[in-house]
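This chain uses plain numbering: 1 for the first residue, then up along the sequence.
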Amino acid sequence: MLPILLVDVVLVVVFCAIGRRSHDEANAVTGLLTTAWPFLGGLALGWIANEALYRDKARPASVVPAGIVIWFCTLVGGMLLRVVSGQGTALSFILVAGIVLAVFLLGWRAIYAAVARRSAAR
């Protein structure tokens with residue numbers, strides 16, 4: 001389970017780093033932490049929600065339901081934490097964040113599932 005969580009954490013940090021880079025924002029390390037912590041908090045909420053809702057029924061590496069729950073909580077929790085901390089949540093940002101986080105958090109799970117199915121078929 002820890003490797004799965006680490007993949008999610010790395011992808012959320014990469015998402016934040018790409019966003020900061022695309023806006024040429026300064027203060028590389030502290031700025032990245034400021035941008036990332038709300039989404040990492042949302043990610044933690046997603047993992048907790050998945051565990052509370054599905055326990056042993058949904059493996060965290062599955063797209064449905066675990067990936068959906070984790071993605072949704074990362075996005076919504078991240079945006080709510082950004083509001084509370086005085087960071088921006090423009091509609092365009094919410095849409096882009098939703099799409100990129102879906103590609104990252106659901107995409108790797110879909111690839112993992114396809115590889116696992118293919119390996120099992122051999």
Side-chain angles (χ1 to χ4, degrees):
M1 202 154 85
L2 184 60
I4 298 165
L5 175 60
L6 289 176
V7 170
D8 282 350
V9 167
V10 167
L11 289 173
V12 167
V13 171
V14 167
F15 155 71
C16 294
I18 290 169
R20 291 191 60 78
R21 177 77 178 158
S22 70
H23 294 288
D24 290 325
E25 295 186 20
N27 300 329
V29 175
T30 57
L32 180 58
L33 291 175
T34 300
T35 302
W37 81 260
F39 293 105
L40 292 172
L43 178 67
L45 177 65
W47 271 75
I48 292 167
N50 182 64
E51 185 63 24
L53 290 169
Y54 300 107
R55 296 251 179 242
D56 296 326
K57 297 175 190 145
R59 293 178 297 131
S62 67
V63 175
V64 177
I68 299 294
V69 169
I70 292 167
W71 163 76
F72 182 78
C73 289
T74 302
L75 177 63
V76 174
M79 291 302 167
L80 290 174
L81 289 171
R82 283 179 64 85
V83 167
V84 169
S85 66
Q87 298 183 46
T89 55
L91 179 60
S92 59
F93 175 63
I94 295 170
L95 294 174
V96 168
I99 292 167
V100 174
L101 286 170
V103 168
F104 281 9
L105 297 176
L106 301 176
W108 85 258
R109 286 174 166 84
I111 293 167
Y112 177 82
V115 170
R117 275 193 306 272
R118 203 162 190 210
S119 296
R122 290 182 183 188

Inter- and intrachain pairs under side chain to side chain donor-acceptor pair (under 3.5 Å), touching residues 62-80, at least two apart: none

Which heavy-atom pair separates A61 from I4 by the least distance, and what is that distance? CB-CD1, 3.8 Å

Below 4.5 Å, heavy atoms only, C-beta onward: do I18 and F104 meet side chain to side chain? yes

Decide whether L32 and W37 are clustered together by the hydrophobic rule: side chain heavy atoms of Ile, Leu, Val, Met, Phe, Trp, Tyr closer than 4.5 Å, transitively. no

For A36, check side-chain contact (heavy atoms from CB on, under 4.5 Å) against everything at least two apart and list the hits. C16, L40

Rounded to the nearest 0.5 Å, what's the gap from CD1 on I48 to CG on L53? Could you check? 11.5 Å

Output every pair passing salt bridge (Lys or Arg N to Asp or Glu O under 4.0 Å) with a member in residues 57-74, not counting sequence neighbours, ordered by first then second residue. none

Is there a path of hydrophobic side-chain contacts, each under 4.5 Å between heavy atoms of I, L, V, M, F, W or Y residues, that connects Y54 with V63? no

Using side-chain contact (heavy atoms from CB on, under 4.5 Å) as the criterion, list what pairs up with A49, not counting sequence neighbours. V69, C73

For residues 86-99, which side-chain N or O atoms pair as donor and acceptor with protein atoms under 3.5 Å away, sequence neighbours left out?
from : atom 1 : to  : atom 2 : distance (Å)
Q87  : OE1    : R82 : NH1    : 2.8
Q87  : NE2    : T34 : O      : 3.1
Q87  : NE2    : S85 : OG     : 3.2

All pairs passing salt bridge (Lys or Arg N to Asp or Glu O under 4.0 Å) where residues 30-39 contributes a residue, at least two apart: none

Cluster link L5 to V7, ILVMFWY, side chain under 4.5 Å: yes

For residues 2-15, which residue pairs qualify under side chain to side chain donor-acceptor pair (under 3.5 Å), counting only residues two or more places apart or in two chains? D8-W47, D8-W108, D8-R109

Cluster overlap L106 with V10, hydrophobic side-chain contacts below 4.5 Å: yes

Under 4.5 Å between side-chain heavy atoms, counting indirect links through other Ile/Leu/Val/Met/Phe/Trp/Tyr residues: same cluster for L11 and V103 or not? yes

Which pairs, with at least one residue in residues 28-48 and sequence neighbours excluded, count as a salt bridge (Lys or Arg N to Asp or Glu O under 4.0 Å)? none

Tell me which pairs pass side chain to side chain donor-acceptor pair (under 3.5 Å) where either residue lies in residues 110-121, with sequence neighbours left out. none

Please name all residues satisfying ring-ring contact (aromatic ring centres under 6.0 Å, His included) with F15, sequence neighbours left out, ordered by chain then number. F39

What residues, two or more places apart in sequence or in another chain, satisfy side-chain contact (heavy atoms from CB on, under 4.5 Å) together with V64? I68

What's in the same ILVMFWY side-chain cluster as V29, cut-off under 4.5 Å, chained through other members? L33

